[in-house]
Novice: 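Let me give you the structure first, and then I'll get to my questions.
The analysis underlying the following values was restricted to heavy atoms, covering all of them including side chains, and did not include hydrogens, waters or symmetry mates. Chain letters run A, B, ... following the sequence lines, proteins first, then strands; residues in each count from 1.
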Amino acid sequence: MRGTTHARWAAGAVAVALVATGCAGNGADTAGGSGGAVLSSSWGDPQNPLEPANTNEVQGGKVLDMIFRGLKRYDPRSGRATDMLARSIDTDDSRTFTVRLKDGWTFSDGEEVTARSFVDAWNYGASLRNNQKNAYFFGYIEGYDKVHPASGAQSAGALSGLKVVDDRTFTVRLNQTFSGFPDTLGYPAFAPLPRTFFTDHAAWLRKPVGNGPYAVASYTRGSQMSLRKWDGYPGDDRARNDGVTLKVYTDSNTAYTDLMAGNLDLADDVPAAQLKNVRSDLGDRYINTPAGILQTLAFPYYDKAWNKPGAEKVRTGLSMAINRRQITGTIFRGTRTPATDWTSPVLGGDGGYRAGLCGRACDYDPAGARRLIEEGGGIPGGQVKITYNADTGSHKQWVDAVCNSINNALGDDGACVGNPVGTFADFRNRIGQHRMTGPFRAGWQMDYPLIQNFLQPLYYTGASSNDGRWSDDRFDRLVDRANSETDAGRAVAGFQKAEEVVRDSMAAIPLWYQNGNAGYSERLSDVALNPFSVPVYNEIRVG
Amino acid sequence: MGRYVLRRLLQMAPVFIGSTLLIFLMVNVMGDPVAGLCGERRCDPATAAQLEREFGLDRPVFPQQYLTYMGKVFTGDFGTAFNGQEVTELMGTAFPVTVRLTVVAVVLEIVIGITLGVVTGLGRGRPADTGVLLATLVVISVPTFVTGLLLQLLLGIEWQWTRPSVQDGTFGELIVPGLVLASVSLAYVTRLTRTSIAENKRSDYVRTAVAKGLPRHRVVTRHLLRNSLIPVLTFVGTDIGALMGGAIVTERIFNIHGVGYQLYQGILRQNTQTVVGFVTVLVLVFLAANLLVDLLYAVLDPRIRYA
């Protein structure tokens, strides 16, 4: 009976394994059960550790927006920067700024917010050794090249341009004139940080502490975060609900299904597949409002064929061959708006948005397109290949549609083809190594609602996101001049002049402005999205 | 048997090394992971260089990166994911859920599959047999995501019998996803059992058992089924690994934060540490499940011995 005994042993092992796995896990309870006016909202796993200067995507940004308040805050409706913690930000020369703080602000753990809370946080964010992905935000501050050199080791621990004057005052000296600088300070990267962030970093990351209307009650990474209204919040934008539970969803379709089934209160990303039902499913509980996101087609100017005289006619011709209205209507079902300039409607007229700046170059005109492309010497290589990443964002659909539109306009089935790249990382990799041979997908989500942010990082010679390496002296000079203006209105007008240069040489083809969309349950009211397409959580009412 | 087990364990070593190396190379061939880390904009070169140094990406993939990685794996250090979490921590949350899902799936597969197989195998050609055969054909030919979305819609929204999404991953919540995950395998188990039973029904030992006057249920369970289960068991054994690694679709549909979801995220973000770590563990599970199946043969058929 040797066989049987051994076999029993094996069967026993299986049984033990089953029991062990059955009991394991499930220890994590449903943290913070929903009591009172707490709403649940869909969330995605943040890509980076949740630090203000290290968060560059919407999911992490959502949390920062709830638990932090900076010197300025962008009005959820107008997008205009208004003073939050700042009592005043003064300058005589657009280069040295004196920041004075309001009294009475503390972090949710009781620590006072002082000038040092800001200066230490900014020094941390800028320092190369902390690997902060938004470090370049501090690039305008004097001494940045010492704490974050382009290559080699850093030679200073702190930005020389930052000086604490007293508990409530500090000064910032920039390495160039930049009249819009105070308006950039609403970006989360400029948030103040409490001492515990520096003294016990790991614990802070497990449960971030900030100074916003909400405080983190519990955080199970990759699964959910419970935020509760902070009763001691001194600001005037106190939470109108008792808290928000952010739940990580594997897929936006599942979040939408849960919303339908009544298990979720707010889904802030309606999946493309549901857009055709969303009106009948939700009625006016569906929001579709413009966000500060512009989609464009960028060109490789390091490639001679795209940078020779006359090529701007080809680029303009291609722009005219794209039927934006039809594509946004059929493929995106109205969640995109055909672009007519290189900024975004969320800036508003005063902020620099000018509808129709693109003019006829952005209107669908097959005959004009054919004529211009011919005058410009034809498409380089006889065929346009639009490169995009195929892993996320259903880019294939619209790239195919754009190509189809171009082919129809030019009467040539082979004039344009899509060129998919497997992963986003590989796509970025090829862009970074300047291996593009034709137009490629580009998207720009604004960091702050300033016309400067839509132009300088993208088209200034050598700028951080100038992926196509476009360069134009006239544009650079106009941007420099606009930055040195002390009057906001004149600065905006200057940037619009610079934008005209972008238009005249069609540096990038503007496609459409992207909207933010969301759906919510009958329990909620006063739901709105801010210009960054993030729900304005503190204004939502429950019940 | 000790020697047999030892020999099998030794055979696993090259399989383990080969498969991890392949995955390691494949993930790294896809391009520079740091390039995708900074979102739509380019990482500034200094930060990118420092991140590469920290993750060891600046050295040649083979052999340096691979050897360092494997060296660490043997001490239980699977590295850090890009979001700053230890990969072991990710595993600690993902594997229990997926194991529970797999257990549900395998139990359903065995219980329903074998029951249906026995019923149809004993009564070949009857209406029940034809009906089940037709049903299994439908299940096999319909993709999992269709079955999943359909059940989610009907049970979760239309009839409100279950929650459409999984919250904590308890056994109760995992029954519907488990059924979806098991559906195709379940159909195969049914068909395998049916054929095997139908074949053995006419064998000598069954006839002997019947002639001895044994009650019918005893003939079926002790004599007929026991011998017919060997091919089924082989299938279920290999299926355990496949179910755990292949749950990506099911996990996404039902919002299960398990292995499939973590793998999907890891691949999307090109996170070498996560992908290689999870696949390494999956390979081990696969190998262990196969070994267990081989050892279990002896339970069913005492003639099978290991030396």
Side-chain angles (χ1 to χ4, degrees), chain A residues 2-4 6-8 10-11 13-14 18 21-22 24-26 28 30 45-49 56-57 128-129 131-133 135-136 148-151 205 221-223 248-251 253-254 257-258 260-261 263 391-392 422-426 428-429 431-432 442-445 457 464-465 467, chain B residues 1 30-33 35-47 49-51 54 82-85 89-90 93 96-97 99-100 103 152-153 156-157 160 163-165 167-171 251-257 261 265 267-270 292 295-296 298-299 302-306:
Chain A
R2 243 184 100 203
T4 2
H6 289 149
R8 283 223 180 96
V14 172
L18 290 182
T21 50
N26 206 24
T30 51
D45 204 9
Q47 194 176 353
N48 301 308
N56 55 2
E57 37 77 56
L128 177 57
R129 76 174 73 92
N131 288 340
Q132 303 286 292
K133 278 153 206 115
Y136 63 91
H148 200 114
S151 60
L205 284 182
R221 280 217 219 179
S223 161
V248 173
Y249 275 90
T250 51
D251 191 41
N253 276 298
T254 317
T257 312
D258 250 4
M260 291 289 97
N263 296 324
D391 55 350
T392 49
T423 62
F424 179 65
D426 194 18
R428 283 304 318 172
N429 209 15
I431 291 175
W444 183 252
Q445 166 142 32
S464 58
S465 290
D467 287 328
Chain B
M1 184 171 93
M30 294 200 295
D32 177 12
L37 261 186
C38 294
E40 289 287 352
R41 68 185 81 228
R42 196 174 65 203
C43 285
D44 75 277
T47 310
Q50 184 156 315
L51 284 171
E54 245 180 60
F82 287 155
N83 69 355
Q85 248 179 313
E89 199 188 321
L90 285 177
T93 56
V97 185
V99 168
R100 259 172 279 160
V103 168
Q152 187 182 42
L153 181 74
I157 298 185
Q160 308 251 340
R163 282 183 82 117
S165 75
Q167 301 297 317
D168 315 312
T170 51
F171 274 111
E251 292 195 352
R252 270 197 72 156
I253 293 176
F254 290 99
N255 192 36
I256 301 168
H257 300 258
Y261 171 63
Q265 291 263 315
I267 292 167
L268 213 59
R269 294 175 181 175
Q270 222 184 327
L292 266 181
L295 294 178
L296 276 176
V299 182
R303 287 171 300 181
I304 299 174
R305 294 214 182 145
Y306 303 109

Novice: Using heavy-atom distances under 4.5 Å, tell me whether P149(A) contacts chain B through its side chain, its backbone, both, or neither.
Specialist: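 Interface part for P149(A): backbone (N, CA, C, O).
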Novice: By a 4.5 Å heavy-atom criterion (distance strictly below it), what part of I253(B) contacts chain A: side chain, backbone, both, or neither?
Specialist: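 Looking at I253(B), just its backbone touches chain A.
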Novice: Checking E54(B) against chain A: side chain, backbone, both or neither under 4.5 Å from a heavy atom?
Specialist: side chain
Novice: Based on non-hydrogen pairs under 4.5 Å, which of M260(A), E57(A), R221(A) is most in contact with chain B?
Specialist: R221(A)
Novice: Quick check on the interface: out of N263(A), D391(A), T423(A), N56(A), who has the most heavy-atom pairs with chain B under 4.5 Å?
Specialist: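 Result: the option with the highest number of such pairs is N263(A).
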Novice: Determine whether Q47(A) and F82(B) make a side-chain contact, defined as any pair of heavy atoms from C-beta on separated by less than 4.5 Å.
Specialist: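 No, their side chains stay 4.5 Å or more apart.
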Novice: With a 4.5 angstrom heavy-atom cut-off, could you sort out which part of R252(B) is near chain A: side chain, backbone, both or neither?
Specialist: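 Contact with chain A is through both the backbone and side chain of R252(B).
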Novice: Under a 4.5 Å cutoff for heavy-atom pairs, which residue among P164(B), A49(B), G84(B), G156(B) has the most contacts with chain A?
Specialist: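 Between P164(B), A49(B), G84(B), G156(B), the count favours P164(B).
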Novice: Is the side chain of Q160(B) donor-acceptor paired with the backbone N or O of I157(B) at a distance under 3.5 Å, no angle test?
Specialist: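 The answer is yes, because a donor-acceptor pair under 3.5 Å joins these two groups.
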Novice: Within this structure, what is the CD-CG distance for the pair Q265(B) and L268(B), rounded to the nearest 0.5 Å?
Specialist: 7.0 Å
Novice: Could you walk me through whether L51(B) and T47(B) pass the side-chain contact (heavy atoms from CB on, under 4.5 Å) test, one step at a time?
Specialist: CA-CA 6 Å; L51(B) 284 171; T47(B) 310; 4.2 Å; yes
Novice: Name the region of S465(A), side chain, backbone, both or neither, that has any atom closer than 4.5 Å to a heavy atom of chain B.
Specialist: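 S465(A) touches chain B through side-chain heavy atoms alone.
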Novice: Side chain from CB out, backbone as N, CA, C, O: work out which of these in Y249(A) comes under 4.5 Å of a heavy atom of chain B, or both, or neither.
Specialist: both
Novice: Can you tell which part of D467(A) gets under 4.5 Å to a heavy atom of chain B, answering side chain, backbone, both or neither?
Specialist: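 For D467(A), side-chain heavy atoms alone lie under 4.5 Å from chain B.
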Novice: Check whether the side chains of H148(A) and D44(B) place a donor and an acceptor atom closer than 3.5 Å, and report yes or no.
Specialist: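 Yes.
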Novice: Does the side chain of H257(B) reach to within under 4.5 Å of the side chain of T93(B), using non-hydrogen atoms?
Specialist: no
Novice: Can you name the nearest heavy-atom pair linking N83(B) to P46(A), along with the distance?
Specialist: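 Closest approach of N83(B) to P46(A), heavy atoms only: CB-O, 3.8 Å.
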Novice: Side chain from CB out, backbone as N, CA, C, O: work out which of these in N255(B) comes under 4.5 Å of a heavy atom of chain A, or both, or neither.
Specialist: both
Novice: Is C43(B) close to chain A through its backbone or its side chain, or both, or neither, when contacts mean heavy atoms under 4.5 Å?
Specialist: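 No part of it gets close to chain A.
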Novice: What pair of heavy atoms forms the shortest contact from Y261(B) to T250(A), and how long is it?
Specialist: CD1-CG2, 3.4 Å
Novice: Can you tell me which of A425(A), P457(A), G443(A), G422(A) forms the most heavy-atom pairs within a distance under 4.5 Å of chain B?
Specialist: A425(A)
Novice: Below 4.5 Å from any heavy atom of chain A, which atoms of Q85(B) appear? Answer side chain, backbone, both or neither.
Specialist: both
Novice: First locate atom CG of L37(B), then atom CD of Q270(B), and finally report the distance between them rounded to the nearest 0.5 Å.
Specialist: 9.5 Å
Novice: Can you tell which part of L90(B) gets under 4.5 Å to a heavy atom of chain A, answering side chain, backbone, both or neither?
Specialist: neither
Novice: Give me the atom names and distance for the closest heavy-atom approach of C38(B) to K133(A).
Specialist: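 The answer is SG-CG, 3.8 Å.
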Novice: At a 4.5 Å cut-off on heavy atoms, which part of P49(A) comes close to chain B: side chain, backbone, both, or neither?
Specialist: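 When you check distances to chain B, atoms from both the backbone and side chain of P49(A) fall under 4.5 Å.
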Novice: Given the options L205(A), V248(A), D45(A), D426(A), which has more heavy-atom pairs under 4.5 Å with chain B than any of the others?
Specialist: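 Highest number of pairs under 4.5 Å: V248(A).
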Novice: So which part of S165(B) gets closer than 4.5 Å to some heavy atom of chain A, the side chain, the backbone, both or neither?
Specialist: both
